[in-house]
Structures are given as structure tokens and as C-alpha cells.
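All remarks here apply to the structure that follows.
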Protein chains: 2
Amino acid sequence: MTAPNGRQADATGGDTVSAVVRQWQAVHPGLDTGPMEIIGRVNRCAALLQQAEDAPLRRAGLSRPEFDLLGALRRTGHELTPGDLARETFSSGAAVTKRLKQLTERGLVERRGDTRDRRVAHVRLTDAGREIVDGILPEQLAYETAVLSVLDQRRQGELAGLLGELLGQLEGRLGALRA
Amino acid sequence: MTAPNGRQADATGGDTVSAVVRQWQAVHPGLDTGPMEIIGRVNRCAALLQQAEDAPLRRAGLSRPEFDLLGALRRTGHELTPGDLARETFSSGAAVTKRLKQLTERGLVERRGDTRDRRVAHVRLTDAGREIVDGILPEQLAYETAVLSVLDQRRQGELAGLLGELLGQLEGRLGALRA
DNA sequence: AACAGGTGTTTTACCTGTAAAAGATAGCTG
DNA sequence: CAGCTATCTTTTACAGGTAAAACACCTGTT
């Protein structure tokens with residue numbers, strides 16, 4: 001039970017999180033460690049997936065946040081303001097400013113000022129920008145498909161569904177809880 | 001369908017990820033967006049949960065990485081070297097060094113050199129360190145329980161199980177895929 | 001018209017993480 | 001035992017994010 005070297009054992013106890021949970025149980029018996037089994041795993045999956053995920057992006061010299069920004073422009077299909085991009089990519093305005101600076105220098109996006117309201121800028125993909133997104137996306141998705149293929153199709157569907165429910169609820173209520 | 005303001009609609013389409021997927025489908029019809037529905041959601045859930053999760057920690061003036069480090073010491077129950085801590089918390093050695101510096105200054109951990117091998121250090125919790133972990137952990141878990149309660153018990157179990165399977169596979173194979 | 005307050009964006013100062021190199025030490029090998 | 005290589009940890013240089021302040025500009029009010 002006390003997994004000697006940190007090596008994994010069977011199905012439900014095969015990840016590092018369950019080993020951590022076992023350790024906590026030994027130190028604080030009876031502790032309700034239920035949340036860890038979800039939150040701990042979500043965090044760890046996110047970390048591992050991002051690491052793996054970045055491989056195809058790196059080849060194009062893009063970080064994931066940069067790709068997210070370009071992707072937002074591509075999938076909406078129209079110009080977005082820096083503020084829109086911040087909302088769309090869930091990052092701060094300041095972060096968007098910095099990324100836009102670099103992406104503009106690399107010629108992947110262009111900006112123009114609004115004619116009516118001179119505070120706002122409109123950002124759009126250049127041809128090079130659109131090409132790079134369209135080139136990477138399929139590779140990216142293929143790579144992700146390969147990574148996820150460790151789970152059979154049915155489980156992938158279940159997982160996607162459950163995560164969607166959780167995320168929908170969190171997005172709706174988190175503001176409420178935080179207040 | 002094109003959700004006007006970014007507001008969510010029904011059950012399976014209620015999160016931002018499904019809105020993003022719909023946008024991609026409109027631009028690249030037929031694209032296999034399956035992976036996004038898992039990976040995108042995992043990433044976004046992780047981001048939201050961490051944000052929410054930190055609330056009880058902040059009251060104790062700890063960041064999550066700091067708490068993870070202290071937690072590793074607490075749950076293993078014995079001294080760990082910086083290298084052990086890096087492995088245990090999935091962070092780089094350099095990051096551990098920095099965190100240890102701060103935690104030592106705050107009197108939450110102590111270090112002593114190894115007598116045999118003078119390269120290695122051994123880190124342990126001080127009484128104050130142990131108390132802070134034991135004080136926060138229940139609050140932390142209670143908070144997480146509340147956040148997750150948007151999902152009923154059965155779904156939480158299913159989700160934990162699926163994530164465990166995925167994580168177990170990823171931890172086992174990711175090294176292999178990366179090679 | 002002047003201004004008060006609000007909004008969109010950028011700047012500043014700072015904090016934390018990383019990769020790569022440096023530093024220090026162990027332990028094998030000829 | 002001198003030297004080589006491997007290991008553990010820290011340092012350095014730097015990239016990238018954030019919060020808060022600063023800017024620039026709009027808009028409704030008086």
C-alpha cells in the first residue's frame with residue numbers, strides 16, 4: 001500500500017495524486033480528501049498537458065498565450081480590440097499589450113486606431129498570422145488527439161461532458177462565491 | 001447559436017469552451033475539435049479553481065506553491081532534501097531554493113546540512129510551520145468542497161475516477177511520448 | 001464650454017518561474 | 001591519490017505575468 005518508491009500500482013491508485021491522498025490519510029486519518037482527487041488532478045493534468053501540448057507550438061516559435069491570442073482573432077473572424085482579446089483569452093490587459101507588441105513586431109498582427117474613439121485600437125491578423133494559425137492548428141489538434149488517446153472514446157466523451165458541466169457551473173457561480 | 005454577449009446557454013453548451021469550439025467549427029468546418037473539449041476545459045478549470053482556491057491560503061499569507069512545499073513536508077512526515085521537494089512539488093530546483101529561502105526567513109521551515117554528504121541539505125517543518133499547515137488544510141478542503149458542490153456526489157466520483165485514469169496514463173506515458 | 005467621472009490602453013515596478021551556468025562535493029578509476 | 005565525471009544545490013540572467021498608476025480620450029451634466 002505504501003508504494004515504496006513512488007511507483008504507481010493499479011487502476012484507481014495509479015497516479016501521483018492518489019499517492020498524496022494516501023499520505024494525508026496516514027497523517028490526518030478521516031480527513032475528507034475528496035476535493036483533492038478532483039482539484040489536485042485537474043491541476044496536475046493541466047500542467048502535464050500544457051507541457052506536452054506546447055511541442056507543436058514551439059516549432060512555430062509561439063508560446064501558448066500567444067497562440068491563444070492569434071486563435072481568438074482567427075476564430076472570431078473579425079478585428080478585436082485589446083480589451084476584447086483580454087476577455088477572450090482570460091488574461092489581463094497588460095499581458096495583452098505586451099503580447100501584441102511582440103506579435104506586431106513579428107508581423108503576425110496589425111493594429112489600426114478607431115476612427116471614432118481614439119482610445120481604442122483594432123487588431124487583426126496579417127496574412128502571415130492567419131497562415132501560421134491555420135498551419136499549426138491541425139498539427140496541434142492531432143498531437144492532442146494522440147496524447148488523449150490513452151483514454152478510450154467513451155471515456156473521453158464522459159470526461160468532456162463532466163468537465164463541461166463543472167466549468168459551466170464554475171464560470172456561472174464563481175463570481176457569486178467570490179463576492 | 002452565436003451567443004450574443006458571451007453569456008452561457010444550456011447544459012452541454014454552457015461553458016466558454018463550447019462557445020470557442022463552435023467558433024472554430026464555423027471557420028474550419030469538419031475540424032476535429034474533440035481534444036479541445038477536454039484539454040481546453042482542463043486548462044480553464046485549473047485556472048478558475050486556482051483563483052478560487054487561493055482564498056483561504058491568502059489569509060495565511062501563503063501562495064499555493066509555498067503551501068504545496070509545506071504540505072509535502074507535512075504529509076511525508078520526515079525531512080526532505082531540496083531535490084526531494086522539487087520532485088514532490090513538480091517544480092524546478094531553482095524555484096524550490098527561492099521558496100525555501102523565504103519560508104526559512106518566516107520561520108516555517110529549518111534546514112540542516114547532511115553530515116555525510118555536504119552537498120545535500122535536509123529541510124523540516126518548524127512547529128510554526130506544522131501548525132500553519134494543520135490549521136489551513138481543513139479550511140482549504142472545506143472551501144474546495146464548497147466550490148465542487150456545484151456537481152453532485154455521483155458526478156464528482158465519476159470525474160475523479162476519469163481524471164485519475166487520464167493522469168495515471170499521462171504520468172506513465174508522457175515521458176515516452178516526449179522521447 | 002468646462003468639468004467630473006468613466007472607459008480603453010499602456011506604463012511602471014515588482015515578483016516569480018525557468019534554463020543554463022556555476023559552485024561544491026562525492027566517489028570511481030587508473 | 002589525482003583527476004574525471006556525476007550529483008546536489010544555488011546563482012545568474014532573463015522572460016513573462018500582475019496590480020496599480022498613469023495616460024488619453026469620451027460623454028453626460030451643468
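All chains are named by letter (A, B, ...) in the order of the sequence lines, taking the proteins before the strands, and each is independently numbered beginning at 1.
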Measure all distances between protein nitrogen or oxygen atoms and nitrogen or oxygen atoms of nucleotides 3-6 of chain C, and list the pairs falling under 3.5 Å.
from, atom 1, to, atom 2, distance (Å)
dG6(C), N2, Arg119(A), NH1, 2.8

* side chain to side chain donor-acceptor pair (under 3.5 Å) with Arg75(B): which residues, sequence neighbours excluded? -> Gln23(A), Glu88(B)
* side-chain contact (heavy atoms from CB on, under 4.5 Å) against Ala128(B), all qualifying residues, sequence neighbours excluded -> Leu108(B), Thr126(B)
* Structure fact -> side-chain contact (heavy atoms from CB on, under 4.5 Å) filter on Gln156(A), not counting sequence neighbours, yields Leu148(A), Leu151(A), Gln153(A), Ile38(B)
* List in numerical order all residues of residues 60-68 of chain B for which some heavy atom is under 4.0 Å away from an atom belonging to DNA chain C. => Pro65(B)
* To do: Please name the pair of heavy atoms, one in Gly135(A) and one in Pro138(A), separated by the smallest distance, quoted to 0.1 Å.
  => O-CD, 3.5 Å
* Asked: Is it the case that more than 12 heavy atoms not belonging to Arg58(B) sit under 6.0 Å from its CZ atom?
  -> no
* **Contact residues, residues 104-117 of chain B to DNA chain D [heavy atom, < 4.0 Å]** => Arg111(B)
* To do: Grab the two heavy atoms, one from Val96(A) and one from Pro82(A), that are nearest each other, plus how far apart they are.
  => CG1-O, 3.8 Å
Only distances under 3.5 Å count here; give the side-chain donor-acceptor pairs of residues 98-105 of chain A to other protein atoms, sequence neighbours excluded, each with its distance to 0.1 Å.
from, atom 1, to, atom 2, distance (Å)
Arg99(A), NH2, Ser91(A), OG, 2.6
Gln102(A), NE2, Glu66(A), OE2, 3.2
Thr104(A), OG1, Leu100(A), O, 2.5

* To do: Considering non-hydrogen atoms only, spot the tightest contact between Ser149(A) and Ala146(A) and give its length.
  => OG-O, 2.6 Å
Please set out all donor-acceptor pairs under 3.5 angstrom arising from side-chain atoms of residues 27-35 of chain A, sequence neighbours excluded.
from, atom 1, to, atom 2, distance (Å)
His28(A), NE2, Asp134(B), OD1, 2.9
Asp32(A), OD1, Gly34(A), N, 3.0
Thr33(A), OG1, Gln25(A), NE2, 3.0

* Asked: Using a heavy-atom cut-off of 4.0 Å to chain B, what are the terminal contacting nucleotides of DNA chain D, in 5' to 3' order?
  -> dA6(D) to dA13(D)
* Please name all residues satisfying side chain to side chain donor-acceptor pair (under 3.5 Å) with Glu144(A), sequence neighbours left out, ordered by chain then number. => Gln140(A)
* Could you check how far CG of Leu100(A) sits from P of dG8(C), rounded to whole Å? => 16 Å
* Sub-4.0 Å heavy-atom contacts from residues 75-96 of chain A onto DNA chain D, ordered by number -> Ser92(A), Ala94(A), Ala95(A)
* Quick one: side chain to side chain donor-acceptor pair (under 3.5 Å) partners of Gln50(B), sequence neighbours excluded? -> Asn43(A)
